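The structure displayed is predicted, hence computed values, not measured ones. Numbers here are sequence positions counted from 1.
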Amino acid sequence: GLSAGFLEPLESTGVVMIENAAEMVAELLPASVDGFERAADTFNRAYTERVSRAIDFLKMHYGLSRRPEAYWADNRDTAHWTDSLIDLVEQWRQRPPHNFDLYTLHQGYPVFSYQSVLYGMGFKTDMSGREAAFPHRDEALRAMNRIGGAAERAAQILPDHRALIEDLYARAANSSSASTLAARA
């Protein structure tokens, strides 16, 4: 059930874990009782690995936070990180994440997910000495600056979340009143 894959407050990980578990059971289920123990061992090893990789990915979100509260500071403490996460983050200080870093078939998140989280959280990779490997860096920086500027302008002109919800609620109430009046006419 859901509790088998629930790792964090965003339910998507749990849903994916359940889907993967169901697929693994369907594929691994033996034709006879004789193979059940081996199939169960295979399932348990694979599922444990999948959960471990998901925990690393989720912990990376929390561990890279710069928020000052004690909860976030505790998550930044690498004493609470897995050895595999520490190793990956240390490698990524010297080079960007690569598909080769994700060495298991049970990896639930592709490399671009790691890149998005890392760099979205302000993580810095030391790219000195690697400029030749990234010949379009300046062009990419200009594009990212344009996107960032567009996001800032949108944030200035769009209503905040509470105002948007209140506006939508008012529109729905007015629409409902108009529909009721039209039905009575």
Side-chain angles (χ1 to χ4, degrees), residues 5-17 19-20 50 52-82 84-104 106-176 178:
F6 190 83
L7 299 173
E8 39 88 24
L10 302 175
E11 199 168 317
S12 60
T13 300
V15 172
V16 168
M17 297 294 276
E19 287 177 359
N20 293 143
R50 185 174 292 277
S52 296
R53 299 297 58 84
I55 289 170
D56 279 354
F57 181 75
L58 297 169
K59 182 65 176 182
M60 184 178 66
H61 284 77
Y62 293 86
L64 294 178
S65 173
R66 294 181 183 163
R67 293 174 65 173
E69 296 87 0
Y71 175 83
W72 300 103
D74 286 346
N75 276 285
R76 281 191 300 275
D77 181 356
T78 57
H80 304 292
W81 292 23
T82 63
S84 55
L85 179 58
I86 290 170
D87 182 56
L88 287 172
V89 170
E90 286 306 312
Q91 289 183 63
W92 296 336
R93 290 187 195 290
Q94 304 302 316
R95 61 167 178 76
H98 193 278
N99 284 328
F100 294 132
D101 297 327
L102 311 178
Y103 53 86
T104 176
H106 306 293
Q107 178 65 43
Y109 300 94
V111 70
F112 61 80
S113 293
Y114 282 89
Q115 292 167 340
S116 296
V117 171
L118 281 171
Y119 301 124
M121 300 289 288
F123 185 84
K124 300 293 182 201
T125 297
D126 180 3
M127 298 299 290
S128 60
R130 298 182 59 90
E131 292 84 3
F134 301 95
H136 304 290
R137 182 180 180 275
D138 291 338
E139 183 181 338
L141 287 173
R142 284 192 298 275
M144 286 189 291
N145 287 334
R146 279 194 307 274
I147 292 167
E152 287 176 20
R153 288 188 299 280
Q156 290 172 358
I157 63 171
L158 293 172
D160 69 10
H161 186 254
R162 173 55 53 199
L164 177 63
I165 296 297
E166 288 173 358
D167 181 59
L168 291 172
Y169 181 76
R171 289 180 192 211
N174 289 337
S175 175
S176 176

Subject >> Mutual orientation of the aromatic rings belonging to Y119 and F123 [parallel < 30°, tilted 30-60°, perpendicular > 60°] >> reply: tilted
**OP:** Look at the aromatic rings of Y114 and F57 and report parallel, tilted or perpendicular, splitting at 30° and 60°.
**Re:**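 Ring orientation of Y114 relative to F57: perpendicular.
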Subject >> Which residues share a salt bridge (charged side-chain N to carboxylate O under 4.0 Å, His left out) with D74, sequence neighbours left out >> reply: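 For D74, no residue satisfies salt bridge (charged side-chain N to carboxylate O under 4.0 Å, His left out) once neighbours in sequence are set aside.
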Of all the heavy-atom pairs spanning [X] and [Y], show the shortest one and how long it is.
{"X": "A54", "Y": "Y109", "result": "CA-CE1, 3.9 Å"}
{"X": "S65", "Y": "R76", "result": "O-NH1, 2.7 Å"}
{"X": "L102", "Y": "V111", "result": "CD1-N, 3.4 Å"}
{"X": "P135", "Y": "A132", "result": "CD-O, 3.7 Å"}
{"X": "Q115", "Y": "P97", "result": "NE2-O, 3.1 Å"}

Subject >> Residue that, paired with M60, satisfies side-chain contact (heavy atoms from CB on, under 4.5 Å) out of I55, N75, L88, L118 >> reply: L118
Original post:
Do K59 and T82 have side-chain heavy atoms sitting under 4.5 Å apart?
Top reply: no
Subject >> Sub-4.5 Å side-chain heavy-atom contact between R130 and R95 >> reply: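 Answer yes - side chains close enough.
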Original post:
Under 3.5 Å, is there a donor-acceptor pair between the side chain of D160 and the main chain of A163?
Top reply: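 Side chain of D160 to backbone of A163, a donor-acceptor pair under 3.5 Å: yes, one is there.
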Does the pair [X]/[Y] count as a salt bridge with the N-to-O cut at 4.0 Å?
{"X": "D56", "Y": "R53", "value": "yes"}
{"X": "E90", "Y": "R93", "value": "yes"}
{"X": "D167", "Y": "R171", "value": "yes"}

Original post:
What distance separates F134 CZ from E139 CD, expressed to the nearest 0.5 Å?
Top reply: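 Those atoms lie 15.0 Å apart.
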Original post:
Only one of D101, T125, D126 forms a side-chain hydrogen bond (donor to acceptor under 3.5 Å, both in side chains) with W92, so which one is it?
Top reply: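 With W92 as partner, D101, T125, D126 yield a single side-chain hydrogen bond (donor to acceptor under 3.5 Å, both in side chains), made by D101.
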Original post:
Between M17 and R50, does a side chain to side chain contact (heavy atoms under 4.5 Å, CB included) hold up when you go through it step by step?
Top reply: CA-CA 8 Å; M17 297 294 276; R50 185 174 292 277; 3.7 Å; yes
